[in-house]
Amino acid sequence: MFHAPAAPRPRKRSKPGEDSVSRREEATFQDVRIFLVERKMGRSRRSFLTQLARSKGFVVEDILSDAVTHVVSEDSQSSSLWPWLKSRSLSDLSTVNVLDISWFTDSMREGRPVPVETKHLIQDILPEAPKAAPVNKVSQYACQRRTTIENNNRIFTDAFEVLAENYEFNEIEGRCLAFRRAASVLKSLPWAVRSVGATQDLPCLGEHTKAVMKEILQYGRSFEVEKILSDERCQTLKLFTSVFGVGPKTAEKWYRRGLRSFSDVLAQPDIHLNRMQQSGFLHYGDISRAVSKAEARAVGNIIDEAVHVITPNAILALTGGFRRGKDFGHDVDYVVTTTELGKEENLLISIIESLKKQGLLLFSDYQASTFDLSKLPSHRFEAMDHFAKCFLILRLEGSRVEGGLQRAQGDGRGWRAVRVDLVSPPADRFAFTMLGWTGSRMFERDLRRFARLERRMLLDNHALFDKTKVLFILGCTKIFTHKGSHYTIFTLVLRV
DNA sequence: AAAATA
DNA sequence: ATTTTGGG
DNA sequence: TGAAAC
């Protein structure tokens, strides 16, 4: 074995008559300290070489310590040398020369330590580096995946989303997340999965998810998914939560009362819908219908006109799914602010007032800013950012939409209702707000997880902190002028 | 449910 | 085997 | 005071 003596032996006193050798031993090559590895060399050869080297003025250490600069082994092919060295708890192995015997014999011949060359080095066998073909591995973090609008694996992702939603209704968060992650990974693939074997190197796919995929590949459907889809509770909760203002708690409450349809709910005299839910039912048809890109732009024009009456220095930026390139969405998201710092505080109030005057405001829930830069990062648990924001339902006239409205069959009206969200950060928080409102749910989640786990940083919609709570300020709009992928955006943020 | 950590 | 999973 | 809004 690689056995090193337990204790350093005291250096042998040089005999009389060897004075010249002795002087050289004390003075020469002090900065080169050799350790000879006994394995393959044998004890007797090791001690012979040790004596030889010392007689030529080399320093040879008996034990492997941090003082050693040159490790010499006869066993250059050995795959166990490096693991053994690593197990010796040296403070910095990277500064030690690990050499084969040729360096030693060259040095003996020259009578001095020869410079270390590549041919002398015993290289660490790196973890199978070129063997496993450098197939760019799919990251487990959604923020590191380049995901296009096309979904080549919808048959699987639809199934996973049904399972995830079911776990969500049953408040099993972990499994819900696992299926959402699996769906997200498959959405990022530029190819369609045709066999379970093809998912070999993909993250976030395990036993259960692969079993579901196998079923779908084999029979075209998953029986587990079908069971959920035919489940009355699941169907009812899905129906109820599809109403704006009705979340899982309210849906569950109604379900437990035995209610199964909207007319059941509306017929209850003791159910008092809040303002949000009233609007949700009133505009149900419109706001559950997809919003087109043209409609999103038309909404932008309306906001733009309203905001430019208030300030000439307004900044208006489309975010959400449309910014990611989607052709349809369930709502329209804009970030709106002004270059005059502090003036953004009342911007939304003014916009809402203007919309109301024009008769375009069907619903408004305004939330004033609670943002305080000096109190970051936030110490209370909060799902949302602290910027001023509003959740609106707007009346969108067909005449304002290029190419016309998305309308239901037999709809004779010249308008439709659209869900619109506006956020208004101070201008110096614009970039973080864009980052926070542009990503998909999974992207945003993994952005935060990645920052914390891989970079030891803390990211939210306001700022990026390192663990010592030093604030990173980001240079605003520039990175968003060219449409970058998610990955590009994040890389830039972390490098600022 | 899957991955990371203990 | 236990903990984490977005946001202390 | 939860629940919903992202």
Side-chain angles (χ1 to χ4, degrees), chain A residues 139-143 160 163-164 166-168 170 172-185 199 202-213 224 240-254 272-280 287 319-321 329-335 363-367 375-393 419-425 432-454 457-465 467 469:
Chain A
S139 172
Q140 65 152 315
Y141 296 102
C143 57
F160 289 168
L163 291 161
N166 188 240
Y167 284 119
E168 189 169 46
N170 292 310
I172 303 167
E173 272 189 287
R175 294 182 179 196
C176 171
L177 179 58
F179 280 102
R180 293 237 157 91
R181 282 181 180 161
S184 176
V185 165
T199 66
L202 297 178
C204 310
L205 297 178
E207 212 182 344
H208 195 164
T209 47
K210 282 176 182 172
V212 172
M213 292 180 77
E224 194 183 357
F240 289 168
T241 55
S242 74
V243 178
F244 177 66
V246 179
K249 302 286 174 187
T250 309
E252 183 71 45
K253 203 164 73 186
W254 291 349
H272 295 291
L273 301 175
N274 64 30
R275 216 167 50 84
M276 209 181 263
Q277 292 159 346
Q278 284 179 38
S279 292
I287 61 184
T319 63
H330 98 282
D331 70 352
V332 182
D333 305 300
Y334 276 99
V335 171
F363 172 85
S364 172
D365 175 20
Y366 172 74
Q367 296 182 5
K375 288 196 178 77
L376 286 178
S378 171
H379 282 263
R380 4 189 260 287
F381 184 90
E382 264 191 295
M384 272 204 175
D385 59 50
H386 298 172
F387 302 130
K389 63 179 75 67
C390 59
F391 307 106
L392 310 176
I393 299 175
R419 274 274 297 109
V420 178
D421 298 328
L422 306 178
V423 208
S424 186
F432 285 104
T433 313
M434 290 301 289
L435 187 64
W437 283 71
T438 299
S440 66
R441 214 163 100 132
M442 215 45 206
F443 176 84
E444 297 293 342
R445 257 187 184 213
D446 280 351
L447 208 48
R448 288 152 165 72
R449 198 164 63 99
F450 179 86
R452 195 162 48 77
L453 266 36
E454 306 291 336
M457 287 182 178
L458 195 61
L459 176 74
D460 61 20
N461 282 8
H462 317 100
L464 180 67
F465 307 89
K467 61 172 187 267
K469 298 185 181 179

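Keep in mind that this is a model prediction, so the values were computed, not measured. Naming convention: chains lettered A, B, ... in sequence-line order (proteins, then strands); numbering from 1 in each chain.
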*asked:* Strictly below 4.0 Å: does A:Arg449 bring a side-chain N or O up to OP1 or OP2 of C:dG7?
replied: no
_Nearest to the side chain of A:Pro248, heavy atoms from C-beta on, is which of D:dA4, C:dG8, B:dA2?_
D:dA4
*Rounded to whole angstrom, note down the C1' distance from C:dG7 over to D:dC6.*
12 Å
*asked:* Let's see if you can work this out: which of C:dT5, D:dA5, D:dA3 has an atom nearest to the side-chain heavy atoms of A:Met276?
replied: D:dA5
*OP1, OP2 of B:dA4 versus side-chain N and O of A:Gln140: anything below 4.0 Å?*
yes
*Distance-only, no hydrogens or angles: does the A:Glu444 side chain make a donor-acceptor pair with backbone N or O of A:Gly439 under 3.5 Å?*
yes
*Would you indicate which nucleotide in D:dA5, C:dG6, B:dA2 comes nearest to any side-chain atom of A:Gln367?*
D:dA5
_Gap between atoms OH and P, on A:Tyr141 and C:dT4 respectively (whole Å)_ = 15 Å
*More than 12 heavy atoms of other residues, nucleotides or ligands under 6.0 Å from CD of A:Glu454: is that the case?*
yes
*Rounded off to whole Å, could you give me the CD-to-C1' distance for the A:Glu454 and C:dT5 pair?*
14 Å
*Is a side-chain donor or acceptor of A:Thr250 paired with a backbone partner of A:Val246 at a separation under 3.5 angstrom?*
no
*Under 4.0 Å between a side-chain N or O of A:Arg448 and OP1 or OP2 of C:dG6?*
no
*Which is true for A:Gly174 with a 4.0 Å heavy-atom rule: it touches a base, it touches only sugar-phosphate, or it touches nothing?*
base
*Would you kindly say whether A:His208 and A:Glu224 are connected by a side-chain donor-acceptor distance under 3.5 Å?*
yes
*asked:* For a quick check of understanding: with a heavy-atom distance under 4.0 Å over all strands, which category does A:Glu173 fall into, base, sugar-phosphate or nothing?
replied: nothing
*Given atom NE2 of A:His462 and atom P of C:dG7, what is their separation to the nearest angstrom?*
14 Å
*Got A:Pro425 and A:Val335 here, is their nearest side-chain heavy-atom distance under 4.5 Å?*
yes
_Heavy atoms from C-beta onward define the side chain here; which of D:dC6, B:dA2, D:dA4 lies closest to that of A:Asp331?_
D:dC6
*asked:* Any side-chain N or O of A:Arg180 below 4.0 angstrom from OP1/OP2 of C:dT5?
replied: no
_Looking at D:dC6, I'd like to know if its phosphate oxygens (OP1 or OP2) sit under 4.0 Å from a side-chain N or O belonging to A:His330._
yes
*Roughly how many Å is it from CE in A:Met434 to P in D:dC6, rounded to a whole number?*
18 Å
*Euclidean distance, atom CD of residue A:Glu252 to atom P of D:dG2 [Å, nearest integer]*: 18 Å
*asked:* I want to confirm an ordering. Mapping A:Asn274 and A:Gly245 to their closest nucleotides on DNA chain D, which one lands closer to the 5' end?
replied: A:Asn274
*Check whether the side chains of A:Asp385 and A:Trp437 place a donor and an acceptor atom closer than 3.5 Å, and report yes or no.*
yes
_I want to check one thing: is the phosphate of D:dC6, taken as OP1 and OP2, less than 4.0 Å away from some side-chain N or O of A:Arg419?_
yes
*Give A:Asp421 one of three labels, base, sugar-phosphate or nothing, depending on what nucleic acid heavy atoms sit under 4.0 Å from its own.*
sugar-phosphate
_For a quick check of understanding: with a heavy-atom distance under 4.0 Å over all strands, which category does A:Val423 fall into, base, sugar-phosphate or nothing?_
nothing
*For B:dA3 and C:dG8, measure between their C1' atoms and round to the nearest Å.*
23 Å
*Atom pair distance, as rounded to whole Å: CZ in A:Phe443 and C1' in C:dG7*: 16 Å
*Pair A:Phe363 + A:Phe244: ring centers closer than 6.0 Å*: yes
_Counting only side-chain heavy atoms from C-beta out, which of D:dA5, D:dC6, D:dA3 sits nearest to A:Phe244?_
D:dA5
_Rounding to an integer number of Å, can you tell me how far A:Glu444 CD sits from C:dG7 P?_
12 Å
*Give the rounded distance in Å between these two atoms: CG of A:Asn461 and P of D:dC6.*
14 Å
*What nucleotide among D:dA4, B:dA3, B:dA2 has an atom nearest to a side-chain atom of A:Pro203?*
B:dA3
